[in-house]
Protein chains: 2
Amino acid sequence: MQQTSEILRELKIKVTPQRLSVYLAFNKARGHLSADEVYRAAQKKVPAISLGTVYSILENFCAKGLLREIKIDFNKSFYEMKKEPHHHFSCRICNKIFDVHMPVCSALRTNTVDGHIIDDFQGYFYGTCAGCLNGKKKK
Amino acid sequence: MQQTSEILRELKIKVTPQRLSVYLAFNKARGHLSADEVYRAAQKKVPAISLGTVYSILENFCAKGLLREIKIDFNKSFYEMKKEPHHHFSCRICNKIFDVHMPVCSALRTNTVDGHIIDDFQGYFYGTCAGCLNGKKKK
DNA sequence: TTTATATCTAGGAATGATTATTATATAGAA
DNA sequence: TTCTATATAATAATCATTCCTAGATATAAA
Ligand SMILES: [Mn+2]
Ligand SMILES: [Mn+2]
Ligand SMILES: [Zn+2]
Ligand SMILES: [Zn+2]
């Protein structure tokens, strides 16, 4: 898509088919994707794309502020389109990740604490998700 | 130490020299230790201890509520003696981890959100620590 | 349009923290 | 002291992520 190229160019990101396919994967999924999930989605547009390239693109997009890395899962990273700051919830049963609809309290938006300068904050909740509470099967 | 054995027994943790050495490593260091740091500290008391055993003990201590796992660093876990809930700060320059002396706001202590049941919360800040701001050398 | 070049990519190897396996040792109960 | 469930040591396996490099290509300049 032409407009997607524009978005990347505005961020000084060199436009390549691989990068477009990664961007579109997030645009379509709208959730939290692992590197492997991005890889599989991108392959539909660019079959020859390599996983190493996906990692490289994810790193680049995060550096440019397009994506945000989430380390709530103890085994691997997830990525999402950067939007308003919000916390995340990880279900110990089904391992799904949810956005938490709770205002991020102002104290967390401070940019300094104990003399340290803060440039990012991540809030992670762990427990049992609503779906699993209702007896739904493990994914 | 006899009293350390008592603490473990009360938690139904079988007392072994390896477990005592791991417990004492945290008792002495009082900070946030990686598995490898625990391993090296424990070796001073039990030279033949294996890294696998350290991981096994860390998992056991966490399950019994003695330790808490911290995944603020993107590469490896850290562990600390469980105490009052608090946030953590990770310096992008020196990679040190600091406790954050800021009250954990009450909204974060809720035990349910969006229909999910919460049993744990982790708050991670990232940025530049006070020491690095003052021009101290990278560790 | 052609050219130049800085950057990107594919493929494969390497890394490193963590987990799994299994034979042996042992803490704690009887 | 004997018994047995559990812990340990040593080692191999896992697996997400990073590193490496030769060749490809997007973009800016000519
Ligand atoms: Mn999110
Ligand atoms: Mn702490
Ligand atoms: Zn769930
Ligand atoms: Zn620092």
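If you're wondering where the values come from, they're calculated on a predicted model, not measured in any experiment. In the text below, chain A, chain B and the rest are named by the order of the sequence lines, each starting its count at 1.
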Worksheet entry | Contact state string [nucleotides 13-30 of chain D, B base, S sugar-phosphate only, - no protein heavy atom under 4.0 Å] | ---SBB-------SS---
Item to complete: In plain terms, say whether B:Lys83 and B:Asp99 are close enough for a salt bridge, that is, a side-chain N and a carboxylate O under 4.0 Å apart.
Response: yes
Worksheet item: Residues in salt bridge (Lys or Arg N to Asp or Glu O under 4.0 Å) with B:Lys12, at least two apart?
Response: none
Worksheet, complete the sentence: ring-ring contact (aromatic ring centres under 6.0 Å, His included) filter on A:Phe98, not counting sequence neighbours, yields B:His116
Worksheet item: Are side-chain heavy atoms of B:Tyr124 and A:Asp120 found at a separation under 4.5 Å?
Response: no
Measure the distance from [atom1] on [X] to [atom2] on [N] and round it to the nearest whole Å.
X: B:Ile49; N: D:dA9; atom1: CD1; atom2: P; answer: 6 Å
X: B:Tyr39; N: D:dA10; atom1: OH; atom2: C1'; answer: 10 Å
X: B:Lys12; N: D:dT6; atom1: NZ; atom2: P; answer: 14 Å

Worksheet item: Quick one: how far along DNA chain C does chain B reach, first to last nucleotide 5' to 3', anything under 4.0 Å to a heavy atom?
Response: C:dA17 to C:dG28
Discussion item. Main chain of A:Ile72, side chain of A:Tyr126: is a donor-acceptor contact present, judged purely on distance under 3.5 Å?
Written reply: yes
Worksheet item: Does OP1 or OP2 of D:dA9 have a side-chain N or O of B:Ser50 closer than 4.0 Å?
Response: yes
Fill in: Presence of B:Thr53 side-chain N/O under 4.0 Å of D:dA9 phosphate oxygens OP1/OP2
yes
Which atom pairs, donor and acceptor, lie under 3.5 Å between side-chain atoms of residues 73-80 of chain A and protein residues at least two apart or in another chain?
{"from": "A:Asp73", "atom 1": "OD1", "to": "A:Asn75", "atom 2": "N", "distance (Å)": "2.7"}
{"from": "A:Asp73", "atom 1": "OD1", "to": "A:Lys76", "atom 2": "N", "distance (Å)": "3.3"}
{"from": "A:Ser77", "atom 1": "OG", "to": "A:Glu69", "atom 2": "OE2", "distance (Å)": "2.6"}
{"from": "A:Ser77", "atom 1": "OG", "to": "A:Lys71", "atom 2": "NZ", "distance (Å)": "3.4"}
{"from": "A:Glu80", "atom 1": "OE1", "to": "A:His32", "atom 2": "NE2", "distance (Å)": "3.0"}
{"from": "A:Glu80", "atom 1": "OE1", "to": "A:His86", "atom 2": "NE2", "distance (Å)": "3.4"}
{"from": "A:Glu80", "atom 1": "OE2", "to": "A:His86", "atom 2": "NE2", "distance (Å)": "3.4"}
{"from": "A:Glu80", "atom 1": "OE2", "to": "A:His88", "atom 2": "NE2", "distance (Å)": "3.3"}

Worksheet entry | Parallel, tilted or perpendicular, as decided by the 30° and 60° cut-offs, for the rings of A:Phe121 and B:Phe125 | tilted
Practice prompt. Sorted by first residue and then second, give each side chain to side chain donor-acceptor pair (under 3.5 Å) pair with at least one member in residues 51-64 of chain B; sequence neighbours left out.
Written response: B:Ser50-B:Thr53
